[in-house]
Amino acid sequence: MMWSIHNHLLLLIAVTCCALFQPLHAAWISGEEAIMGTKVSVQLWHQDKSQGEAAVQAVMEEFRRLDKKLSPYIEHSELALVNRMAASEPVVISEEFYRLLETSHVYSELTKGAFDITFASIGHRYDYRKGVKPSDSTIDTALPLIDYRNIRLAAANRTVSFEKPGVRIDLGGIAKGYAVDRGIELLQQRGIGHALISAGGDSRLLGDHRGRPWHIGIQAPRDKERMAAMLPLVDNAISTSGDYERFFERDGVRYHHIISPKTGRSAGTLQSVTIIGPNATRTDALSTSVFVLGAEKGMALVNRLEDIDAVIIDEDGEMITSDGFTDAGSQ
Ligand code: AMP
Ligand code: MG
C-alpha cells in the first residue's frame, strides 16, 4: 500500500516536472537532402524532437513528390508526358500541374515574356555539365518555338496542348520556389511557427529566428567562399538566380542556364539577381525574370511591384538595390 502511494507520488512529481520543463526540450531540428538537383534544407523549432523530425521528413517527402511530377529528367513525370504528347493532342493534366502552368503564364505576361517556360524548346539542347550547346543554325530554326503563347490551356477539361511540334516546357525557373511554399504550408499545418526551408537559391522563412531575424546570405557570384551581403529577414521569401550555378565557358563566353526567350541564348550581362518577396513561387519566378530583363528593365519592374525588393549584382560585380530595399532589409 505504502509502496503504491509512494510510486504514485513519484509519478506525479515526474509528470509535473515534465510539464514544467517541457520547453527546455524544445530545440532547433534540421535536415538536409539532395532532391530536385539541389540541396534541400529544413530547419525548424519544435517542442518535441520526434514530431519535429517527422515534420522535416514530411517536407522532404513533398519535395520528392514534386520532383517526380515536374522533373524533365524523369521519363514518367507529368512534365515529360506533356512534352511528349501535347503537340499532337490536348493532354489532361492534374489540377496542381494546371495551376502551375497558369501561374507561369501570369509571370510571362507580367514580365513581357522574359519568364517563359517554353525556353526549354532550345534549353534542352544545352548540357552544362558536358559543355554541350546547340549550333547557331539550330537556335535560329528553333527560336519561334520559344513563346509562351504556343501553350494552350483549356480550363473546362483541364488540358494543355502546344501550337507547334517541337515546343517543350520546363518549370526549372519556378518549381523549387513552389516546392518551398508547399513545404512551408505543411509546417504551418503542423503548428510550427519558426522555420527555414531552402532549395538551392530559393528560401522561405516562417516567423523569426526566435527573437531575432534570420540572416540569409547573397553569395558573391565570383567567389564561392564569400557572401556579398547578409540580409536580416522575417517571414519572407528570397530567391537568387545567378550565372554561376550551371555554366561552362568556351572561347571566353560564359554559357549559363538562364535563357533569354528573345535570343535562345544565355541571358544578358548580370552576375546575379536576388528577389525578396512574400512567397517563394513569386521570388523564384521573378529572380529568373529580372535576370533575363537586365538591370534597367528588371529594376523598373521590381520598383513597380509593391511587395518585391531586389539586389542585383551587375557585370562589374557592383551591387544595385531597389527603392524599398532598406525597408526590406530592416524588417
Ligand atoms: P533560377 O535559378 O530560379 O533562375 O532558375 C533557372 C532555371 O530556370 C534554369 O535552369 C531553367 O530550368 C529555367 N529557365 C531558364 N531560362 C528561363 C526563362 N527565360 N524563363 C523561365 N524559366 C527559365
Ligand atoms: Mg527562379
Side-chain angles (χ1 to χ4, degrees), residues 36-40 67 70-73 77 79-80 83 100-101 103-129 133-134 139 142-143 145-151 167-181 198-204 218-219 221 237-248 254-268 270-277 279-294 297-298 301-302 308 310-313:
M36 283 185 155
T38 194
K39 189 175 82 183
V40 177
D67 189 33
L70 306 177
S71 170
Y73 307 109
S77 72
L79 180 119
N83 276 337
L100 268 169
L101 295 183
T103 306
S104 299
H105 186 268
V106 167
Y107 285 103
S108 295
E109 296 263 289
L110 179 68
T111 62
K112 300 208 164 69
F115 187 87
D116 190 328
I117 59 174
T118 64
F119 85 90
S121 310
I122 294 177
H124 83 279
R125 296 180 185 278
Y126 288 87
D127 186 330
Y128 301 97
R129 243 176 277 165
K133 64 183 178 72
I139 293 179
L143 201 52
L145 301 176
I146 301 187
D147 186 340
Y148 65 94
R149 285 159 291 210
N150 285 332
I151 305 171
V167 171
R168 282 198 191 212
I169 57 170
D170 186 316
L171 294 169
I174 196 169
K176 279 184 275 146
Y178 174 72
V180 167
D181 284 340
S198 81
D202 302 293
S203 308
R204 184 165 162 191
I218 300 178
Q219 199 186 304
I238 176 166
S239 292
T240 299
S241 294
D243 69 355
Y244 52 87
E245 292 169 77
R246 254 182 281 158
F247 74 99
F248 63 92
R254 180 180 280 251
Y255 297 92
H256 64 78
H257 68 144
I258 302 173
I259 304 290
S260 162
K262 277 196 189 137
T263 64
R265 294 170 170 86
S266 299
L270 302 179
Q271 293 182 359
S272 80
V273 171
T274 297
I275 299 282
I276 301 146
N279 65 69
T281 308
R282 189 158 170 78
T283 57
D284 190 3
L286 286 174
S287 67
T288 311
S289 310
V290 171
F291 196 102
V292 171
L293 287 168
K297 285 186 185 159
L301 171 66
V302 166
I308 296 297
V311 180
I312 290 177
I313 302 183

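Every number for a ligand or one of its atoms is a count from 1 in the order of the listing. Just so it is clear, the model here is predicted, and its values are computed rather than measured.
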Any donor-acceptor N/O pair, Ser203 side chain to Ser198 backbone, under 3.5 Å: no

N/O separation below 3.5 Å, Thr288 to ligand 1: yes

Nitrogen or oxygen atoms of Ser241 and ligand 1 under 3.5 Å apart: yes

Per-atom contacts of ligand 1 with Ala114, taking only distances under 4.0 Å to non-hydrogen atoms: 18 (C), 19 (N), 20 (N)

Any donor-acceptor pair under 3.5 Å from Ser121 side chain to Arg168 backbone: yes

Residue and atom name of the nearest protein heavy atom (relative to atom 15 (C) of ligand 1), distance in Å to one decimal: His257 O, 3.2 Å

Heavy-atom donor-acceptor pair, Ser77 side chain to Ser71 backbone, under 3.5 Å: yes

Which segment of Pro261 sits under 4.0 Å of ligand 1 when only heavy atoms are counted: side chain

Check: Ser287 N/O within less than 3.5 Å of ligand 1 N/O: no

Atom 20 (N) of ligand 1 - nearest protein heavy atom and its distance: Asp116 N, 2.9 Å

Within reach of ligand 1, part of Phe115 (heavy-atom separation under 4.0 Å): both

Asn150 versus Thr118, side-chain donor and acceptor atoms under 3.5 Å: no

Any N or O of Ile259 closer than 3.5 Å to N or O of ligand 1: yes

Numbered atoms and elements of ligand 1 in range of Glu245, under 4.0 angstrom, heavy atoms: 2 (O)

Which segment of Asp170 sits under 4.0 Å of ligand 1 when only heavy atoms are counted: side chain

Asp284/Lys176 salt bridge by N-O under 4.0 Å criterion: no

Mutual orientation of the aromatic rings belonging to Phe248 and Tyr128 [parallel < 30°, tilted 30-60°, perpendicular > 60°]: tilted

From the candidates Tyr107, Phe291, Phe119, the one that places a heavy atom nearest atom 11 (C) of ligand 1: Phe119

For atom 7 (C) of ligand 1, the option (of Gly172, Ala285, Gly200) bearing the nearest heavy atom: Gly172

Donor-acceptor contact below 3.5 Å, side chain Ser266 vs main chain Tyr255: no

Shortest protein contact, atom 3 (O) of ligand 1 (heavy atom only): Asp284 OD1, 2.8 Å

Atom indices of ligand 1, in the order listed, that fall short of 4.0 Å to a heavy atom of Arg246: 10 (O)

Flag, side chain of His256 to backbone of Ala267, donor-acceptor distance under 3.5 Å: yes

O (Asp284) to the Mg ion (ligand 2) to OG1 (Thr288) angle, given to the nearest 10 degrees: 90°

Side-chain donor or acceptor of Asn279 paired with backbone N/O of Ala237 under 3.5 Å: no

Donor-acceptor under 3.5 Å (His124 side chain, Ile169 main chain): no

Distance filter under 4.0 Å to Ile258 heavy atoms, resulting ligand 1 atoms: 4 (O), 15 (C), 16 (N)

Backbone N/O of Ala120 and side chain of Asp170: donor-acceptor pair under 3.5 Å: no

